[in-house]
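Working notes, structure below.
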Amino acid sequence: MSQMFLDKFKALVPKYLEDDWREEEDGIPADVLNEMLDAHDFTIPLVLREFYLALGNNEDLMEAFHFFWDPDELEIEDGYLLFLEDEDEKFAWGFRVDQLDVPDPIVWRRNNARGDWQSEEGTFSEYVFDMFEWVFEEDPN
């Protein structure tokens, strides 16, 4: 399996946390991740798999502003694979289940009160890199 995003996700640790990336501290080892995902009857997109391999144990990034779900907590609701929620549980983010075979699918956001979904008009990698930049970059003003 090719690695399209792994190194870019690993690079977020030194970029935002000013520390070296360490597999044991920051990522979930592949064998452990496989065990966690084996409990599901669905597969996850390559980009989400590589995100967990790179950052799945890093609480500073997994819980930066929003909360990424642990791999064994992933679930499908309303035809979407949920992977992220905000602190107040007003919104959840996911992928359409018919797009799980796409390496880097479009992210959708659900308004939990209304139950309606809206496209974020960006892929997971775009969304994650933009979110972390927004969370960690200092305001120049």
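Hydrogens, waters and symmetry mates play no part in the numbers below; they use all other heavy atoms, side chains included. Numbering of residues begins at 1 and proceeds along the displayed sequence.
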Taking the side chain as every heavy atom from C-beta outward, state whether [X] and [Y] have any atom pair closer than 4.5 Å.
X: Phe91; Y: Glu85; value: no
X: Asp26; Y: Asp19; value: no
X: Val32; Y: Pro71; value: no
X: Asp7; Y: Phe9; value: no
X: Glu77; Y: Glu75; value: yes
X: Glu87; Y: His66; value: no
X: Val13; Y: Asn58; value: yes
X: Lys8; Y: Ser125; value: no

Taking the six-membered ring for Trp, are the ring centroids of [X] and [Y] within less than 6.0 Å of each other?
X: Trp134; Y: Phe65; answer: yes
X: Phe5; Y: Phe129; answer: no
X: Phe51; Y: Phe68; answer: yes

For the residue pair [X] and [Y], what are the closest heavy atoms and their distance?
X: Ala30; Y: Arg49; result: CB-NH2, 4.3 Å
X: Phe136; Y: Leu17; result: CE2-CD2, 4.2 Å
X: Lys90; Y: Asp86; result: N-OD1, 2.8 Å
X: Leu74; Y: His40; result: O-CE1, 3.1 Å
X: Pro29; Y: Glu23; result: CA-OE2, 3.8 Å
X: Tyr52; Y: Met62; result: CE2-CE, 3.9 Å

Using only atom types and a distance under 3.5 Å, with no angle test, would you say the side chain of [X] pairs donor to acceptor with the backbone of [Y]?
X: Glu126; Y: Thr123; value: yes
X: Glu50; Y: Met4; value: yes
X: Asn111; Y: Ala113; value: yes
X: Asn57; Y: Gly27; value: yes

I'd like to know if the side chain of Glu120 pairs up with that of Trp93 as donor and acceptor (distance under 3.5 Å, no hydrogens or angles considered).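 There is such a pair between these side chains.
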Which distance, rounded to the nearest 0.5 Å, do you find between the [atom1] of [X] and the [atom2] of [Y]?
X: Ile76; Y: Asp41; atom1: CD1; atom2: CG; result: 6.5 Å
X: Glu25; Y: Asp60; atom1: CD; atom2: CG; result: 11.0 Å
X: Asp98; Y: Leu100; atom1: CG; atom2: CG; result: 8.0 Å
X: Leu46; Y: Asp104; atom1: CG; atom2: CG; result: 8.5 Å

Hey, quick one: are [X] and [Y] part of the same hydrophobic cluster, counting side-chain heavy atoms closer than 4.5 Å, chains of contacts allowed?
X: Leu81; Y: Leu33; result: yes
X: Met36; Y: Leu6; result: yes
X: Phe67; Y: Val107; result: no
X: Trp69; Y: Leu61; result: yes
X: Leu48; Y: Trp117; result: yes

Test side-chain contact (heavy atoms from CB on, under 4.5 Å) on Leu53 and Ile28; report intermediate values, then the result. CA-CA 5 Å; Leu53 290 170; Ile28 298 175; 5.5 Å; no
Please check if the number of heavy atoms outside Glu73 that lie under 6.0 Å from its CD is greater than 12.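 Result for CD/Glu73: enclosed.
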Verify the neighbour count for atom CD of Glu59: are there more than 12 heavy atoms of other residues, nucleotides or ligands below 6.0 Å?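 Result for CD/Glu59: open.
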Kindly confirm or rule out a cation-pi arrangement of Arg96 over Tyr80, judged by NZ or CZ under 6.0 Å from the six-membered ring centre and within 45° of its axis?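 Judged by the rule (NZ or CZ under 6.0 Å from the ring centre, within 45° of its axis), Arg96 is not positioned above Tyr80.
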Once ring pair (Phe, Tyr, Trp, His ring centres under 6.0 Å) is applied, do any residues pair with Phe83, and if so which ones, sequence neighbours excluded?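 Ring pair (Phe, Tyr, Trp, His ring centres under 6.0 Å) check on Phe83 returns Phe95, Phe124.
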Could you tell me whether Asp78 and Arg110 have a side-chain N and a carboxylate O separated by less than 4.0 Å?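 Answer for the salt bridge query: yes.
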